[in-house]
Every structure is written in C-alpha cells, then in structure tokens.
Amino acid sequence: AAGALDAVLVVGGIADASVRRARQKGVEPPAPPTSVWSQGSKGVDHQRVRQPAWRSSSAEGAAGASLTSAIFALAESALAAGVDPAVHRARLGEMLAPFAAAAARRPDLAWFPEVRSAAEISTVTDDNRLVAEPYTKRMCSFPTVDLAAAVVVSASRGDGSPEVRPLSLVTAHDPLPPSARAAIDRSVALDAAVEEALRLAGIEQSAIDFFDLYSCFPAAVQLAANALGLTA
C-alpha cells in the first residue's frame, strides 16, 4: 500500500480433502490445515466453529434445517416465489451449466471436469438426488476439497509498466438467520459490500464491463446479482 514493493504475491489455501483422507487412513496428513477453522483442524470442533451461532437457536435450527444446503434452499424458495417449481429448477440448471463448462475446461483443477447440460443438472435422477428443494446434488457444493488461489499485485513505478491491483476488497456477514431477516431474497451484507466496494474504488456500477460471480449455491449467485442490480 505504501509503494515500497514492486510486486506482491498473495496466496491462500486449504487442504481439507487431503487431511480428511489421511486421517481416515490413520496416517499423518500431507500438510496441516491452513486455518484454525479448516475442516478437521486438530483440537477444533469444526461443526461448532464453522456454523453461525444462530443455527442452533433459530427456527431453522429447531426445524432441523441447519445444513448450508438447507439455509440456501430457504433463500432460493423466496427467490422463486410465484414461479412454478419445475420451471425454476430448470432455470437453475441453465444458470449453472456454464459453471460446469468452465470446470470441464480445467481438468487439472476441477474435481468434476465434466460438461453437464442444464437438464443433467436440474433433473432429479438416481445419481442426481434431491438434496434440499429445489437443489439437486449437482447444484450443491462439494463439501471437502483442496483449494488454493493466488493473485499477483504489482504497483506502477512510473516506468511505463502496467499497474495490476484490486481497486477495492470488501467482506461482510449477514448477522441473522433467514427467518429473522426483513427479506429472504436479499442480502443486506451483499448490498452493503457492493456499495462500499464501489465507494472505495471510486466508480459507478455502470463503469464495470464484466462481472465474475461464483458461490457454492445458486441462491448466493442470484443474491450477488441482485445486489449489483443485475439479472442472474
């Protein structure tokens, strides 16, 4: 930030899958979890740590709907209000098919590098069971993975070299369970994050040509699109 460095490589990752498999085999993991909240972290009850406190004391928790898939399915039900369930599930398949296509182009990185049609994603079959209405198995995230990412941030020093840097980085959390929110089909955290990110970057949403939205469940992608004023 002070301009003292020419370039910085920012990296991060988790080794959930490797750690889990190693422990199932009774051997030392090839690498320790990278965060105290990483699934399987030694001495940490990840179910207690990773789940928001409201899950055990909310209407969702009391109804047994505390899994992430169920929480996002609740938001999805609000997003689908007034739409025929079969039509809505088909739309979700169409939304997620490009995600599968992107994964298929990177077999070295993707866990399931297979092209899936919208119908293959949205149709309930023996190998694509219904997990939480309207989510089929292929609409849900894979819970335990090895995952890492890196970004190079370079600062222009007046020599004509290009400047590569994020204009703004923002994080926010929805504090309440869906049943206690004013609206389930909106996220006050995402709304606030978008507003603050644009403010920090000093630009209007109309100045952005491309958006790259991703999440572990379809509802979150739509909530982000809503916050940005886009159509998911």
Side-chain angles (χ1 to χ4, degrees), residues 9-18 20-21 39 67-81 83-153 164 166-167 169-171 185-187 190 193-194 197 205-232:
L9 179 65
V10 182
V11 301
I14 55 176
D16 288 355
S18 294
R20 180 179 180 182
R21 291 175 179 173
Q39 183 172 337
L67 291 178
T68 306
S69 56
I71 296 298
F72 278 106
L74 288 172
E76 193 69 55
S77 68
L79 290 165
V83 180
D84 180 81
V87 172
H88 183 68
R89 187 179 291 116
R91 289 178 182 174
L92 293 179
E94 293 171 359
M95 185 179 75
L96 294 178
F99 286 59
R105 292 194 296 268
R106 298 304 301 270
D108 55 324
L109 297 177
W111 281 80
F112 303 107
E114 302 175 46
V115 174
R116 298 282 188 183
S117 68
E120 288 178 310
I121 294 172
S122 63
T123 303
V124 179
T125 61
D126 289 342
D127 64 345
N128 190 36
R129 69 184 183 278
L130 191 65
V131 175
E133 177 69 40
Y135 293 155
T136 62
K137 182 180 72 172
R138 290 177 184 148
M139 293 180 185
C140 296
S141 65
F142 196 61
T144 307
V145 298
D146 288 346
L147 177 67
V151 59
V152 177
V153 181
V164 181
L167 295 180
L169 298 171
V170 179
T171 182
D185 59 347
R186 298 290 300 188
S187 166
L190 283 171
V194 168
Q205 188 261 17
S206 59
I208 303 174
D209 294 325
F210 298 98
F211 295 87
D212 186 0
L213 302 180
Y214 172 80
S215 184
C216 49
F217 289 93
V221 176
Q222 297 168 84
L223 291 173
N226 289 342
L228 288 163
L230 307 174
T231 300

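At distances below 3.5 Å, not a single donor-acceptor pair connects side-chain atoms of Thr136 with backbone N or O atoms of Val124. Here the side chain of Glu76 pairs a donor or acceptor atom with the backbone of Ala219 at under 3.5 angstrom. In terms of modelled atom types and a separation under 3.5 Å, the side chain of Gln205 and the main chain of Leu228 share a donor-acceptor contact.
To the nearest 0.5 angstrom, Leu230 atom CG is 5.0 Å from Phe211 atom CZ. With rounding to the nearest 0.5 angstrom, the CZ atom of Arg138 is 7.5 Å from the CD atom of Glu114. Rounding to the nearest 0.5 angstrom, the gap separating the CG atom in Leu79 from the CZ atom in Arg186 is 9.5 Å. We find the NE2-OG distance between His88 and Ser77 to be 8.5 Å, quoted to the nearest 0.5 Å. Here CG of Leu213 is found 7.5 Å from CZ of Phe99. Values are rounded to the nearest 0.5 Å. With rounding to the nearest 0.5 Å, the separation of OG in Ser122 from CE in Met139 is 5.0 Å.
By the 4.5 Å heavy-atom criterion applied to side chains, Val131 and Leu67 are not counted as neighbours.
Taking every heavy atom of both residues into account, Ser215 and Ala220 meet most closely at OG-CB, 3.0 Å. Taking all atoms of both residues into account, the shortest heavy-atom contact from Asp127 to Lys137 is O-NZ, 2.9 Å. Here the closest non-hydrogen pair linking Leu92 and Tyr135 is CD1-CE2, 4.0 Å. Residue Ile121 comes nearest to Arg116 through the heavy atom pair CG1-CB, 3.7 Å, listed as atom of the first residue, atom of the second, then distance. Of all heavy-atom pairs between Ala104 and Val115, the closest is CB-CG2, 3.5 Å. The heavy-atom pair separating Ala224 from Leu190 by the smallest distance is N-CD1, 3.7 Å.
The 12-atom threshold is exceeded at CG of Asp108, counting heavy atoms of other residues, nucleotides or ligands nearer than 6.0 Å.
Note on Arg91 versus Asp84: no salt bridge recorded, every NZ/NE/NH1/NH2 to OD/OE distance being 4.0 Å or above.
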